[in-house]
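Computed from heavy atoms alone, side chains included, the values below leave out hydrogens, waters and symmetry copies. Labels below follow one simple rule: chain letters A, B, ... track the order of the sequence lines, proteins then strands, and each chain is numbered from 1. What you see is a predicted model; the values in this text were computed from it and never measured.
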Amino acid sequence: MEPRYDHAEVEKKIYEQWEQSGYFNPDKLPGDRTEPFTIIMPPPNANGALHAGHAMFVTIEDIMIRFARMQGKKALWLPGTDHAGFETQVVYERKLEKEGRSRFDLTREELYKEIWDFTQEHKKNTEAGLRSLGASCDWSREKFTLDPEIIKIVYATFKRLSDDKLLYRGKRIVSWCSKHQTSFSDLEIEDVERVDPLYYLQYGPFVIATARPETKFGDKYVVMHPDDPRYAQYKEGDKIDLEWINGPITATVIKDDAIDMAFGTGAMTITPWHDATDFAIAERHGLEKEQVIDERGKLLPIAGEFAGMKIAEARPKIVEKLAAKGLLIKTDEHYKHVVRTCYKCGTILEPQIKDQWFIKTKPLAASAIQAIEDGSIVFIPEHYKKICLHWLENIIDWNISRQIAWGIPIPAKLCDSCGEGIVDLDDSIHKCPKCGGALRKDPDTFDTWFSSGQWPFATLGYPDGKDFKTYYPTDVMETAGEIIFFWVTRMIMLGLYATGEIPFKNVYLHGLVLDAKGQKMSKSKGNVINPLELTEKYGTDALRIALVIGNTPGTSLALSEDRIRGYRNFSTKLWNIARFIQMNKPENFAGANMDIANREEVKELQALKTEITKHIEGFEFHLAAEKLYHYVWHTFADKIIEAEKKKLSDGTKAEKSESYAMLEYLLLGSLKMLHPFMPFVTEAIYQIFRPGKILMIEKW
RNA sequence: GCGCGCUUAGCUCAGCGGUAGAGCAACUCGUUUACACCGAGUGGGCCGGGGGUUCAACUCCCUCAGCGCGCACCA
């Protein structure tokens, strides 16, 4: 053995050996394995390079899979990649921008084709990256979210939701991004606190307060609380003629409980097309709704002289005119409120009334809540349970339509004459069943999370696939705590709905990987760590164990190069322990006959094994890894080997043999336990001592 | 506003009813069957403040403070 472990040389060779052995595929594992253990990999987005978060999930999931495999289970880790709809389109649009092009210069088909090629390229890089991180996943079962068999399952769920009346097409308020030209669900929105002026405007006999004067052109309803004594003289339905921004109008009085008497003057006018609260009031009272701002964020002709202006440009001019007409009573310049922005570009989102497909989430959430509350699904760490339940209990209907090209096309037809939407999987409906009108294809695509939400059963070939029957429900869903609502809750809801069973028994959530200073990694800060650079420098094993030790589930981890270097030293240490033992192998050693079972050191190792097993089964990987590290270095190397040195040099032949037998036993035992954490170096050493064997499938 | 966390050695964090732990960093000494990517050792902590439960609290409960995050239609 070389004095120093050369990870670069060893890792590639060993991964190839594993892959060629076929043992990543549970069907090809030796022995009679009945108990399945399944993890579906959270598919990385096929739109960029691997980042530290990927290294984190690979490490944790690979630990569980390798452990299960060594325990004799049918261990399946199913890999995949995600087309990542909107996310990818945003990445691609940025690329277009840099090239001086725009998505709006391309037809949907052209754009789709370009992004397809782009993702296929990234997909290859992603797969190579996962391999170099040591992922022992079954490549023969790899899936892509746009594979035809996946889309087929997604479509079937869509149809079933429609048949079960859990899907509707509705004119509802959605959040609209004027830059990206698409609507969102409630999750793609980032609330930002801002301080803006609040304008008090004279509206006939009333004074109303608003932060958005530019939406007020069409306001013809003035609303107050039914119990407000200040407005007791006004009755619902009263008509009042008044002078407004662009001339005289007739306002109608409405009374509604939604009004907060303490805010402003207790009276407000409503803009149902551009505000969710106002929309709800309008729905309750059957009021007219009128669009004031278009999809590009510009004022419509209703704004008169201001038509065609962007909001930012129009607002001060409108305020100026209001002041000139004597309608501006006062301005409170320090009104603190929250505006909703696009989580990608920060553009202030404009609520718009749009025809979109919505899923009625309440019934789906109810069964998810039950599965979580009765403990069928367990969260690690535990506190995510409460977070999840809180979200599910307050869930709102889910807009799954996106006005972007990159995604799974929504299999539906739309009727322009009556507004009906009809689910049509096989392009067989050509006339509106409601009014007989002409139909056109719905141009929209699904929210990417609608398909990802079906990932656990879709990848396993629901409903008839053999894999589905064997491996579902899966054992663990391991992913980033960040995407708990986007993904985890949706998988639970859709999994239970489609299959009647939970999609996974355990949810393990890891935290963010931060830079050495504890800051979030981002491209703009330039502090993004490329895991593959680190593995090249220090070895994959060093990176992996650095990501595990001291990292409790759910909490973020500051990753410094110092840390990884420290664990690289551990790889070297392990290598040298092996080298020392190998150098002391007696000639004609007959190890099989040595009786060492009663040695204290052997018992100690067995006790350690019990602890490590318990920790891994309890998802306490940080404790397992730390104890192993400590044992190997400070007990095995520092104490046991040091104590045996004398016997190895001066002992009788029998003593030498016994010492060697014991050290070899302890070494191989340690390697086994370390293998899930540091697969490469342990495999390399193991095969030196046991030529022809593969540690990956040795018995735990 | 509601909810969820965090606060332990210089730094990053484990531990969570029974005499304070690791890695990194610092300091001293050391080349002896592997390993200087090493070994032997040292220093360093009112375990955020206050109160309570207990024979016993860093650990459980309450409260305050600071920090972080999530959710939320007050115009």
Side-chain angles (χ1 to χ4, degrees), chain A residues 1 3-5 173 175 186-187 189-191 198-201 208-213 215-216 219 222-223 258-271 274-281 335 337-338 340 351 381-391 393-396 481-482 484-485 511-512 514 516-518 520 538-539 542 545-546 549-552 554-584 620 622-623 625-627 629-630 633-634 637-638 641-642 644-646 648-650 663:
Chain A
M1 287 171 77
R4 198 152 290 176
Y5 168 61
I173 279 271
S175 296
D186 52 316
L187 290 179
I189 290 162
E190 199 171 309
D191 289 348
L198 185 66
Y199 305 97
Y200 286 79
L201 308 177
I208 58 152
T210 183
R212 300 200 59 191
T215 65
K216 295 285 144 195
D219 288 12
V222 58
V223 191
I259 300 299
D260 178 355
M261 286 187 263
F263 187 90
T265 59
M268 73 170 192
T269 63
I270 58 168
T271 314
H274 301 291
D275 185 281
T277 311
D278 296 1
F279 178 82
I281 293 171
Y335 170 55
H337 67 148
V338 164
R340 317 186 110 198
E382 220 181 341
H383 75 259
Y384 274 108
K385 176 178 171 174
K386 281 193 220 162
I387 294 173
C388 226
L389 285 172
H390 183 257
W391 188 81
E393 279 154 8
N394 296 292
I395 198 163
I396 62 170
E482 271 188 307
I484 184 168
F485 304 138
L512 293 170
L514 308 173
K517 290 178 199 147
K520 194 168 172 170
Y538 299 108
I545 202 145
I549 292 186
N551 181 22
T552 35
T555 31
S556 47
L557 176 83
L559 186 66
S560 67
E561 220 170 303
D562 265 354
R563 234 178 116 77
I564 300 164
R565 186 165 6 93
Y567 293 114
R568 185 273 320 269
N569 296 355
F570 181 55
S571 295
T572 311
K573 185 75 187 177
L574 197 58
W575 184 260
N576 277 296
I577 289 168
R579 199 157 76 97
F580 174 81
I581 294 172
Q582 194 207 32
M583 281 164 54
N584 282 287
E620 298 169 319
H622 61 297
L623 295 181
E626 196 174 335
K627 279 185 184 172
Y629 176 95
H630 202 263
W633 203 313
H634 301 298
D638 291 351
I641 290 181
E642 288 305 320
E644 293 300 313
K645 275 184 179 171
K646 205 174 193 147
L648 286 170
S649 60
D650 309 335
L663 293 180

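- Regarding contacts with the backbone of B:rC38, a side-chain N or O of A:Asn569 is found under 4.0 angstrom from either OP1 or OP2.
- For the pair A:Leu198/A:His337, no side-chain contact is recorded, criterion being any heavy-atom separation below 4.5 Å from C-beta on.
- In this structure, B:rC47 forms no base pair with any nucleotide, since neither Watson-Crick nor G-U wobble geometry is met with both distances under 3.5 Å.
- For B:rA14, the OP1/OP2 oxygens have a side-chain nitrogen or oxygen of A:Thr555 closer than 4.0 Å.
- The closest side-chain heavy-atom distance from A:Ile564 to A:Arg568 is not below 4.5 Å.
- Contact annotation: A:Arg340 reaches the phosphate of B:rC73 (side-chain N/O to OP1 or OP2, under 4.0 Å).
- Residue A:Ser649 places no side-chain N or O under 4.0 Å from the OP1 or OP2 atom of B:rU33.
- For B:rC74, the OP1/OP2 oxygens have no side-chain nitrogen or oxygen of A:Arg212 closer than 4.0 Å.
- Checking the phosphate oxygens (OP1, OP2) of B:rG23, a side-chain nitrogen or oxygen of A:His634 falls inside 4.0 Å.
- The side chain of A:Lys520 contributes no N or O atom lying less than 4.0 Å from OP1 or OP2 of B:rC69.
- Pairing partner, B:rC71: B:rG1, with both Watson-Crick or wobble hydrogen-bond distances short of 3.5 Å.
- Across all strands shown, B:rU53 forms no Watson-Crick or G-U wobble pair with both distances under 3.5 Å.
- At the heavy-atom level, A:Gly539 lies nowhere under 4.0 Å from the strands shown.
- B:rA56 and B:rG51: their P atoms are spaced 15 Å apart (whole Å).
- In this structure, the side chains of A:Trp575 and A:Arg4 stay at 4.5 Å or more apart for every pair of heavy atoms.
- Within the 4.0 angstrom heavy-atom criterion, only backbone atoms of the sugar-phosphate kind lie near A:Phe485; the bases stay farther away.
- A close approach under 4.0 Å does occur between a side-chain nitrogen or oxygen of A:Lys573 and OP1 or OP2 of B:rG39.
- Taking a pair to require two hydrogen-bonding distances under 3.5 Å in either a Watson-Crick or a G-U wobble arrangement, B:rU12 pairs with B:rA22.
- Using a 4.0 Å heavy-atom criterion, one finds that A:Val338 contacts the bases of the nucleic acid, with or without backbone contacts as well.
- For A:Tyr538 and A:Tyr567, the distance between ring centers is not under 6.0 angstrom.
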